[in-house]
Amino acid sequence: MYQDEYRRIVQRLQSITGREDVELTDGGAHADLASTIAFTLAKEQRRQPVQIAREIAEQLQAQEEGDSVTIEVVGPYLNFHFSASYLEATLREALQPDYGSQPLRDERVVVEHTSANPNGPLHVGHIRNSILGDTLARSFRKAGYRLETQYYVNDIGRQIAIVVWGVGNLGEIKKEEKGDAFIARVYIAANRAIETDPGITSHIDRLMQRVEQGDPQVVRQFREAVTECLEGIKATLLSLHVRHDRFIWESDFVRNGDVTRTIDRIRRMPQCRDDGTLWVDLSSQGFEKQYILKRSDGTTVYAARDIAFHVWKGRNFDRMIDVLGADHKLIGAQLIATLKLMGEKAPEILHFEFVSLPEGSMSTRAGKFVSADELVEEVVKQAYVEVTTRRPELEEDVRRAIARSVAVGAIRYDIVKVSPEKSTVFDWKEALDFERQSGPYIQYAHARACSILEKSGEFTPAFQLSDPHEIALAKHIGRFPAIIDQVVEELRPHLLATYTRDLADLFNAFYRYVPVLKSEGIVRQSRLALVCAARNTLRGALETLGIDALATM
RNA sequence: GGGCUUGUGGCUUAGCCAGGACAUAGCGCCGGGCUUCUAACCCGGAUGUCGGGGGUUCAAAUCCCCCCAGGCCCGCCA
């Protein structure tokens, strides 16, 4: 609805003014949509913008076809206000249980996210990647795309070789702990051993060569260590409602010959250099640094496998999206440049800045991090206390289930609400806050809507809204599909977080001032319809954010 | 040193890419609201040189240039 209306107004302004570059702004308190085209024309025509605006408005009114929008001229501004028929059409759409879901499209999209090295548990920095990626994936599904999520498993790099060496030589035994915690212990110990005895490095180099050559015994050792860690990582992700459709093992691209074929292709390119190491000269693309693919000992580096991986993805998907930390900006740009030179499809990369601790940046190797498991556990504990305080009458297992949903909501929302390009400092106090601008705040608005609908029973929807709170809420509901579109077009999941918070704000204000169950007749039917539409929208938004839409809390 | 990026009330943050009408909200602070659909709520108040300086424009938080401060990158690591 919103998008249709937007497009219709733009088209009419285009035909009146003869300009292509017509855009509408959010009118804020003044209007639902507004145009400042009169300023632009004033300059060209050397006339007063106020006069021009008035003339355009007259023409708009003359060719007025529907009554879904009214036009108002305020000085040089053209203001558009959505009318009652627009609101009715919006609410009729939003009464559909799957409001916001768009028809299936043919386009195949792959979102690769998390892809953390399997050398330890996910920490609070990694899950920024997971939550951005998962929210993006859910948004694409909501928008009707055929979507697959992938975790690219680095099972062949130096860090894993260090783990394998540690497993084989340090005699650490797995205790009562998750696989990822065990691997981290080994990894940290192995790094310590290397510091005291740098000679170990040559053993690790040897392991890397043997795994790349396909030595069955070494390959098995790598697989076992990685699998051990990955099982723990999967469990952590699941606790945050994140799951991957597919795990792609980096070593597969070495073994199936893709890496060799990719390198052969690159060798034939004019930008390829071989001076003992093999590298791509991207200086003509503005990159000073060598993009190295092969070491002098003949083994490939990450970049070579990454190119092969993306060539493969590009052939199986129409759009590929990678969620990567800001530290990958340079190599991400080099990857894209190289793929383009090869004539292959390039990925779109969503970069996010780092999460650090108050005492500095996190490090798996130094064991300096807040693990995602620890975060979940603490937040669940706090949420349980809250639920028990508020709803002591509920059964314990019900309270536990609510606490878990609330905790996931708090964590996911906290992370997704901040623009990815901002670096953040992890803060326990904020993580444990369930008040406004939090996931639970939105969950709570949804639960309130559910409660009203449960008490009301069946009703026949009506669409007569008059209170400003009703109208503001209905208008915001109408924007939901446009927001989903914007998220997948611009790869900005935090827009959904902002939208949903505003939706909850408007619903809560409505809830406070506009009685529903106590109203009567058509007023009651209209308000119930609005509550139902708001409930559906809140639910759709929460689910897209990966947060449980609780009926009670 | 070069590149990328961030800088918005005491703290956190939206808006910036596609410049317009009084800069968005939360926390904290002050004050008010539960005999009324779940108070994880709502309302009112105080708090801003939109890092600093220049420029472009009828109009700049938004675009351009310089400077300052923080983060990240610049490896035959991933």
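Chain letters run A, B, ... following the sequence lines, proteins first and then strands; every chain starts at 1.
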Given RNA chain B, 5'-ward residue of the pair A:L78 and A:K294, judged by closest heavy atom: A:L78
Can you check the distance between B:C64 and B:C17, where both ends of the measurement are the C1' atom (answer in whole Å)? 15 Å
Please classify the nucleic acid contact of A:Q443 as base, sugar-phosphate, or nothing, using heavy-atom distances under 4.0 Å. nothing
With a 4.0 Å cut-off on heavy atoms, is A:S419 in touch with a base, just the backbone sugar-phosphate, or nothing at all? sugar-phosphate
Classify A:Y513 by what it touches in the nucleic acid, base, sugar-phosphate, or nothing, heavy-atom distance under 4.0 Å. sugar-phosphate
Looking at the rings of A:F426 and A:F354, which for Trp means the six-membered one, are their centres under 6.0 Å apart? no
Base, sugar-phosphate, or nothing for A:V514, non-hydrogen atoms under 4.0 angstrom? base
Hey, does A:I160 reach any base, or is it just sugar-phosphate, or nothing, if we go heavy atoms under 4.0 Å? nothing
Among the nucleotides B:G75, B:U6, B:A25, which one has an atom lying closest to any side-chain atom of A:E421? B:U6
Mind checking if A:R390 touches a base, just sugar-phosphate, or nothing, with heavy atoms under 4.0 Å? base
B:C4, B:C77, B:C72: which one has an atom nearest the side-chain heavy atoms of A:R158? B:C77
Given B:A21, B:C73, B:A78, the nucleotide with the shortest approach to the side chain of A:M208: B:A78
Base B:G20 to side chain A:T36, donor-acceptor N/O within 3.5 Å cut-off: yes
Any donor-acceptor N or O pair under 3.5 Å, side chains A:Q271, A:S284: no
Categorize A:R492 for me: base, sugar-phosphate, or nothing, with a 4.0 angstrom heavy-atom threshold over every strand shown. base
A:E378 and A:Q382: side-chain hydrogen bond (donor to acceptor under 3.5 Å, both in side chains), yes or no, with the steps? CA-CA 6 Å; A:E378 286 301 318; A:Q382 180 65 28; over 6 Å; no
Under 4.0 Å between any heavy atoms, over every strand shown, what does A:A34 touch: base, sugar-phosphate, or nothing? Just pick one. base
Do A:V514 and A:R527 have side chains that get closer than 4.5 Å, going by heavy atoms? yes
Same-atom distance (P) from B:G53 to B:C16, integer angstrom: 24 Å
Pair A:N508-A:R448, side-chain hydrogen bond (donor to acceptor under 3.5 Å, both in side chains): steps then yes or no: CA-CA 9 Å; A:N508 277 327; A:R448 282 175 143 185; 2.7 Å; yes
Quick check, does A:F354 stack with B:G71? I mean ring centres under 5.5 Å and planes off by under 30°. no
Considering every strand and a 4.0 Å limit on heavy-atom distances, what is the contact class for A:A29: base, sugar-phosphate, or nothing? base
Rounded to whole angstrom, note down the P distance from B:A60 over to B:U5. 24 Å
What about A:S451, does its side chain sit under 3.5 Å from the base of B:C37 through a donor-acceptor pair? no
Identify whether the distance between the nearest side-chain nitrogen and carboxylate oxygen of A:E112 and A:K313 falls below 4.0 Å. yes
Within the 4.0 Å heavy-atom criterion, would you say A:V531 contacts the bases, only the backbone, or no part of the nucleic acid? nothing
Closest contact, heavy atoms only, A:D322 versus A:P347: OD2-CB, 3.7 Å
Pick base, sugar-phosphate or nothing for A:A326, based on heavy-atom distances below 4.0 Å to the nucleic acid. sugar-phosphate
How about A:D275 and A:T277: does a side-chain donor come under 3.5 Å of a side-chain acceptor? yes
B:G44 to B:G26 separation - P atoms, rounded to the nearest Å: 10 Å
Classify the side chain of A:E250 and the base of B:A78 as holding, or not holding, a donor-acceptor pair under 3.5 Å. no
Atom P, compared across B:U12 and B:G51: separation rounded to whole Å: 14 Å
I'd like the P distance from B:A25 over to B:U47, given in whole Å. 16 Å
Contact class for A:D275 (heavy atom, under 4.0 Å): base, sugar-phosphate, or nothing? nothing
Counting side-chain heavy atoms from CB outward, which of B:U5, B:C76, B:C43 is closest to A:V301? B:C76
Distance check, C1' atoms only: B:G28 and B:G9, in whole angstrom units. 12 Å
Is it true that A:R47 and A:E55 have a side-chain N and a carboxylate O under 4.0 angstrom from each other? yes
Could you tell me the Watson-Crick or G-U partner of B:A46, where both distances fall under 3.5 Å? Say none if there is no partner. none
Considering only B:A78, B:C76, B:C42, which nucleotide approaches the side chain of A:H328 most closely? B:A78
Per A:E23 side chain, nearest of listed nucleotides B:U57, B:A18, B:C72: B:A18
What nucleotide among B:C37, B:G71, B:C22 has an atom nearest to a side-chain atom of A:E353? B:G71
Can you find a donor-acceptor pair, distance only, under 3.5 Å between A:D502 side chain and B:A14 base? no
Selection from B:C73, B:A40, B:G70 that lies nearest to any side-chain heavy atom of A:S423: B:G70
Closest-nucleotide mapping onto RNA chain B: is A:R501 or A:F39 further toward the 5' terminus? I mean the 5' end. A:F39
Work out how far the C1' atom of B:G75 is from that of B:C27, and round it to whole angstrom. 43 Å
Watson-Crick or G-U wobble partner of B:A18, both distances under 3.5 Å: none
If we call it a pair only when both distances are under 3.5 Å in a Watson-Crick or G-U wobble match, what pairs with B:G7? B:C68
Using a 4.0 Å heavy-atom cut-off across all strands, classify A:A504 as base, sugar-phosphate, or nothing. nothing
What is the base-pairing partner of B:C34, counting Watson-Crick and G-U wobble geometry with both distances under 3.5 Å? none
Proximal nucleotide (of B:A21, B:C37, B:C27) relative to the A:Y511 side chain: B:C37
Output the single nucleotide from B:A78, B:C76, B:C42 whose closest atom is nearest the side chain of A:N117. B:A78
